[in-house]
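In the text below, chain A, chain B and the rest are named by the order of the sequence lines, each starting its count at 1. The basis for the numbers below is simple: all heavy atoms, side chains too, and nothing from hydrogens, waters or symmetry mates.
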Amino acid sequence: MRRFVLGQFTEAAACVEAVRKLREQGVPGLDAHSPRPMHGIDDALALPRSKVPIVALTGGVLGALGGYSLQWYLNSKAYPINVGSRPPHGFWTNIPITFESGVLIAVLSIFFGSIFVFFGLPRTYHPLFESERFRTACLDAYWISAETGDENAVPELEKKFREAGAHKVHTVVERI
Amino acid sequence: MAETAIALPPQLIPPPLIEGRQDDGTLNKSLNAYVWQPPQRGWLALFLIGLAGTGVLFSAIAITVARGIGMWGNNIPVGWAFGIINFVWWIGIGHAGTLISAILLLFQQKWRTSINRFAEAMTLFAVMQAGLFPILHTGRPWFAIYWLFPYPSTNSIWPQFKSPLMWDVFAVSTYFITSLLFWYLGLIPDLASLRDSSSSKRARIAYGIFALGWRGSARHWHHYKIAYLLLAGLATPLVLSVHTIVSWDFALSILPGWHTTIFPPYFVAGAVFSGFAMVMTLMIPARRYMKLKHVITARHLESMAKVMLLTGLIVFYGYLMEHFAAWYSGNVYEEHVFFSTRPRGPYAWAYFTQMFCNVVVPQMFWTRWARRNVWTLWIGSVLVNVGMWFERFNIVVTSLHQDFIPSNWAMYYPTWVDFSLLFGTICFFGTLFLVFLKFIPAVATSEVKELNHELHQGGGLSEVEGAHR
């Protein structure tokens, strides 16, 4: 059963500082929660560069290649249409749809890649939602959390959170 | 060298982007207030009118599908009429949403933040209306899938990809999907804020489902910011490509009045022009009745009026160049369209309506008074919408009704089904918009919170600007 120690801040800057301090102390499973992106939090959590751009590029290139091949195959191999003796494979007239398919697949990869892979959503349950007070995380407060599987580590973590300046420190336990 | 501060005269200091002293809590309350309050009488009345109009739309669609497009007024030589005019008009309106949400984000225009959600919703609903017309125009929409999408049917017949009409299918469907996903990604944190500020269980579950379990995690925001920016970066060339391709539907033919190289930029500018006009038309009443004046201030309206003035001038330049090219070509058919049919033919009233609404009316936005007065802004924007509809009327109908051989000339008269479809889509659009205003925060809450924070932190000049950067 996972446990999450939670602590609240009223100022974003204090929240970012606390996260930095706790990470430097070696607290595992740290995360922060805020109603808007906090400046400097990526650095405080030492997050690696996001892979979303690579996903987007891959999707875009594959989409464009797919779009081009589709037009080439269908119009010059599968079902050639002779319009005024023009060649069945027209490079220039294939450009618009190649561009559109590249954009389409890039957009789909960004969106679904982010939701399913990078965010791990949609999910119907997360232990954090056990806490009624945590609801302010999407409204007007800044929260930090630390995940732990060890019940005995909780008091120590709560103490560290309080020392870092967090209010309303409490722990939630996964129910499912 | 010592820097000397220059004191600006008060009339040059722009109005604030967010009025009053706000914080996350007050913004949360004021931006979501409209969703939580019970529907007002005005909202209900408009909603009922919209539903009635939507009924008219679906009746007109039923008649068109059951009896065929002979119910429409178009016939040879005017084979494209209301169907295509309305398609281009609606899709053009949609473009402002993408311009505001994507292009202004890339240009770091902070005033976009309070109006982007609104404009993006407008895009989605406008593209839905636009999509109806070409589908209905195919005559038998249930067969259209065979020649519009590369669908592997047993006939082994495949679409002709060299046609601009096919490009249009791909461009518009990509545009719709991109706009929808971009809008939804921006919406997720706000849906989570609605879920968490809800007081009833029903609302909590409903918004909870659409929020997908968002918990504002920094690890998610980390990817979210990049994903949002990349979608904006992709939407920007996409929106330019969409209206360019729409203009190619015309420009790649040889019809005088359509066959010009100025069409793509002039169409894109026209689209943005009409789209901003529609945003303004909807936003001026909405910001008043929804009590959003503190985040959609005089500054936003003024900036939009400036964009309208700019794009209006580009459109005017397009008109001038069309006429110049027709004269300079020395081609009698081109000259006939631009110097006889349009200004002096039977549809001259449409031509002068277009010129008055699109060229004369926006010139008032040179004055600060007109840019700051909601009445001049609103009336101006409505007239621009009308003018842009007549521009497409002139392009489509006037060019077609007198082409090369006088024996082929004929007048075009729309039927009641044509008018019902136009009227019906306006009502359907309005209905969707009202539903949006009631159930979803019309202003991107998380982005405004971020902007508010930046404005207070960096005195309005922080190096990290714009939403989600």
Side-chain angles (χ1 to χ4, degrees), chain A residues 12 19 31-39 41-42 44-45 47 50-53 56 60 67 70-71 74-75 78-79 81 83 86 90 93-94 96-97 99-101 103-104 106-108 110-111 113-115 118-119 121-126 128-129 134-141 143 145, chain B residues 23-25 27-28 150 156-162 164 166-167 170-171 173-174 177-178 181-182 184-185 188-189 192-193 195-197 208-209 211-227 230-231 234-235 237-238 241 245 248 445-447 449-450 453 457 464 468:
Chain A
V19 168
D31 200 353
H33 306 267
S34 53
R36 55 176 178 80
M38 288 188 285
H39 189 59
I41 191 73
D42 299 352
L45 277 168
L47 295 177
S50 171
K51 293 209 169 56
V52 174
L70 182 85
Q71 297 176 79
L74 294 184
N75 271 182
Y79 188 68
I81 305 170
V83 182
R86 288 179 184 84
T93 54
N94 287 353
I97 293 184
F99 172 76
E100 301 298 338
S101 6
V103 170
L104 179 66
V107 166
L108 292 175
I110 294 171
F111 184 82
S114 303
I115 300 280
F118 295 117
F119 302 163
L121 301 178
R123 55 167 68 232
T124 48
Y125 175 80
H126 193 278
L128 289 178
F129 294 124
F134 180 73
R135 288 177 86 182
T136 54
C138 286
L139 302 175
D140 54 4
W143 288 80
S145 69
Chain B
D23 59 41
D24 288 355
L27 283 172
N28 210 50
S156 294
I157 293 175
W158 296 99
Q160 151 71 310
F161 289 112
K162 294 185 196 71
M166 274 306 295
W167 307 346
F170 277 78
S173 42
T174 302
I177 294 170
T178 304
L181 297 183
F182 190 39
Y184 193 70
L185 189 69
I188 290 173
S193 88
R195 171 196 68 202
D196 290 341
S197 57
I209 289 170
L212 307 176
W214 178 261
R215 50 187 191 277
S217 159
R219 290 170 194 276
H220 296 173
W221 279 120
H222 176 59
H223 300 296
Y224 181 97
K225 287 184 290 184
I226 307 267
L230 282 174
L231 285 185
L234 284 167
L238 179 66
S241 85
I245 289 173
W248 283 341
T445 319
S446 73
E447 294 185 26
K449 283 175 190 168
E450 196 185 353
H453 193 71
Q457 292 255 308
V464 189
H468 297 330

**Student:** Could you look at B/W248 and say if it's the side chain, the backbone, both or neither that has a heavy atom under 4.5 Å from chain A?
**Tutor:**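 Interface part for B/W248: side chain.
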
**Student:** Do the non-hydrogen side-chain atoms of A/D140 and B/D23 ever get within less than 4.5 Å of each other?
**Tutor:**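 No - every pair of side-chain heavy atoms lies 4.5 Å or more apart.
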
**Student:** Could you tell me which non-hydrogen atom of B/K449 sits nearest to which non-hydrogen atom of A/P35, and how far apart they are?
**Tutor:**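 What the structure gives for the nearest pair is NZ-CB, 3.7 Å.
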
**Student:** Working note: A/D31 + B/R215, criterion salt bridge (charged side-chain N to carboxylate O under 4.0 Å, His left out); need CA distance, chi angles, decisive distance, verdict.
**Tutor:** CA-CA 11 Å; A/D31 200 353; B/R215 50 187 191 277; 5.4 Å; no

**Student:** Taking C-beta and beyond as the side chain, do B/L185 and A/I110 meet within less than 4.5 Å on heavy atoms?
**Tutor:**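 When only atoms from C-beta onward are counted, A/I110 and B/L185 do not touch, as no gap falls below 4.5 Å.
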
**Student:** Is the shortest side-chain heavy-atom distance between B/F170 and A/L104 below 4.5 Å?
**Tutor:**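 Counting from C-beta outward, B/F170 and A/L104 never come under 4.5 Å.
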
**Student:** Nearest 0.5 angstrom please: B/R219 CZ to A/F118 CZ, how far?
**Tutor:**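 The CZ atom of B/R219 sits 14.5 Å away from the CZ atom of A/F118.
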
**Student:** So A/S50 and B/H222, side-chain hydrogen bond (donor to acceptor under 3.5 Å, both in side chains) or not? Walk me through it.
**Tutor:** CA-CA 7 Å; A/S50 171; B/H222 176 59; 5.0 Å; no

**Student:** Is chain B contacted by the side chain of A/A56, its backbone, both, or neither, given a heavy-atom distance below 4.5 Å?
**Tutor:**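 The answer is the side chain of A/A56.
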
**Student:** Looking only at heavy atoms and a cut-off of under 4.5 Å, which of A/F134, A/F111, A/F99 has the most pairs with chain B?
**Tutor:**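 Highest number of heavy-atom pairs under 4.5 Å: A/F111.
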
**Student:** Do side-chain atoms of A/R135 reach the backbone of B/R195 as a donor and acceptor pair under 3.5 angstrom?
**Tutor:**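 A pair under 3.5 Å: yes.
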
**Student:** Give, for atom CD1 of A/I81 and atom CH2 of B/W158, the distance between the pair rounded to the nearest 0.5 Å.
**Tutor:**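 Rounded to the nearest 0.5 Å, the CD1-CH2 separation comes to 12.0 Å.
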
**Student:** Only pairs of heavy atoms separated by less than 4.5 Å count here; which of A/T136, A/N94, A/I41, A/L47 has the most with chain B?
**Tutor:**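 Winner by heavy-atom pair count: A/L47.
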
**Student:** Looking at B/A235, B/A211, B/G25, B/A171, which has the largest count of heavy-atom pairs under 4.5 Å with chain A?
**Tutor:**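 Highest number of pairs under 4.5 Å: B/A171.
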
**Student:** Set out, in order, the CA-CA distance, both residues' side-chain angles and the distance that settles side chain to side chain contact (heavy atoms under 4.5 Å, CB included) for B/L238 and A/V107, then state yes or no.
**Tutor:** CA-CA 11 Å; B/L238 179 66; A/V107 166; 5.9 Å; no

**Student:** With a 4.5 angstrom heavy-atom cut-off, could you sort out which part of A/S114 is near chain B: side chain, backbone, both or neither?
**Tutor:**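 Contact with chain B involves the side chain of A/S114 alone.
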
**Student:** If I measure from the heavy atoms of chain B, does A/V19 come under 4.5 Å with its side chain, its backbone, both, or neither?
**Tutor:**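 Neither; nothing under 4.5 Å.
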
**Student:** Is B/L27 in contact with chain A via its backbone, its side chain, both, or neither, using a 4.5 Å heavy-atom distance?
**Tutor:**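 The answer is neither part of B/L27.
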
**Student:** Need one label for B/L181: side chain, backbone, both or neither, based on atoms under 4.5 Å from any heavy atom in chain A.
**Tutor:**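 Both backbone and side chain.
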
**Student:** So for B/S217, is it side chain, backbone, both, or neither that comes closer than 4.5 Å to the heavy atoms of chain A?
**Tutor:**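 Contact with chain A involves both backbone and side-chain atoms of B/S217.
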
**Student:** Would you mind reporting whether B/W221 and A/D42 have side-chain heavy atoms less than 4.5 Å apart?
**Tutor:**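 A side-chain contact is absent here, since even the closest heavy-atom pair is not under 4.5 Å.
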
**Student:** Can you see which heavy atom on A/N75 is nearest to which on B/P159, and at what distance?
**Tutor:**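 Taking every non-hydrogen atom into account, ND2-O, 2.8 Å.
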
**Student:** Tell me, out of B/A227, B/P164, B/A192, who's got the most heavy-atom pairs with chain A below 4.5 Å.
**Tutor:**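 The answer is B/A227.
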
**Student:** Return the orientation label for the A/F119 and B/H220 ring planes: parallel under 30°, perpendicular over 60°, tilted otherwise.
**Tutor:**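 A/F119 vs B/H220 ring planes: tilted.
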
**Student:** Could you have a look at B/A218, B/S197, B/G213 and say which one has the most heavy-atom pairs with chain A under 4.5 angstrom?
**Tutor:**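 That would be B/A218.
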
**Student:** Pick from A/G90, A/P96, A/S145: which one has the most heavy-atom pairs with chain B under 4.5 Å?
**Tutor:**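 Option with the greatest count: A/P96.
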
**Student:** Supply the atom-to-atom distance B/I226 CD1 to A/K51 NZ, rounded to the nearest 0.5 angstrom.
**Tutor:**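 With rounding to 0.5 Å, CD1 (B/I226) is 12.5 Å from NZ (A/K51).
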
**Student:** Could you pull out the closest heavy-atom pair between B/S193 and A/C138, with the gap in Å?
**Tutor:**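 That would be CB-O, 3.2 Å.
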
**Student:** Of the backbone (N, CA, C, O) and the side chain (C-beta and beyond), which part of A/L139 lies under 4.5 Å from a heavy atom of chain B, both, or neither?
**Tutor:**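 Contact with chain B: backbone and side chain both.
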
**Student:** Please determine, among A/A44, A/P53, A/A106, the option with the most heavy-atom pairs under 4.5 Å with chain B.
**Tutor:**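 Among the listed options, the one with the most contacts to chain B is A/P53.
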
**Student:** Going through the checks in order, is the side chain to side chain contact (heavy atoms under 4.5 Å, CB included) test met by A/Y79 and B/I157?
**Tutor:** CA-CA 6 Å; A/Y79 188 68; B/I157 293 175; 3.7 Å; yes

**Student:** Please report the shortest heavy-atom distance between B/P150 and A/L74, naming the atom on each side.
**Tutor:**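 Answer, listing the atom of B/P150 first, then A/L74: CB-CD1, 3.7 Å.
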
**Student:** Between B/L230, B/T174, B/I177, who has the most heavy-atom pairs with chain A when the cutoff is under 4.5 Å?
**Tutor:**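 It is B/T174.
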
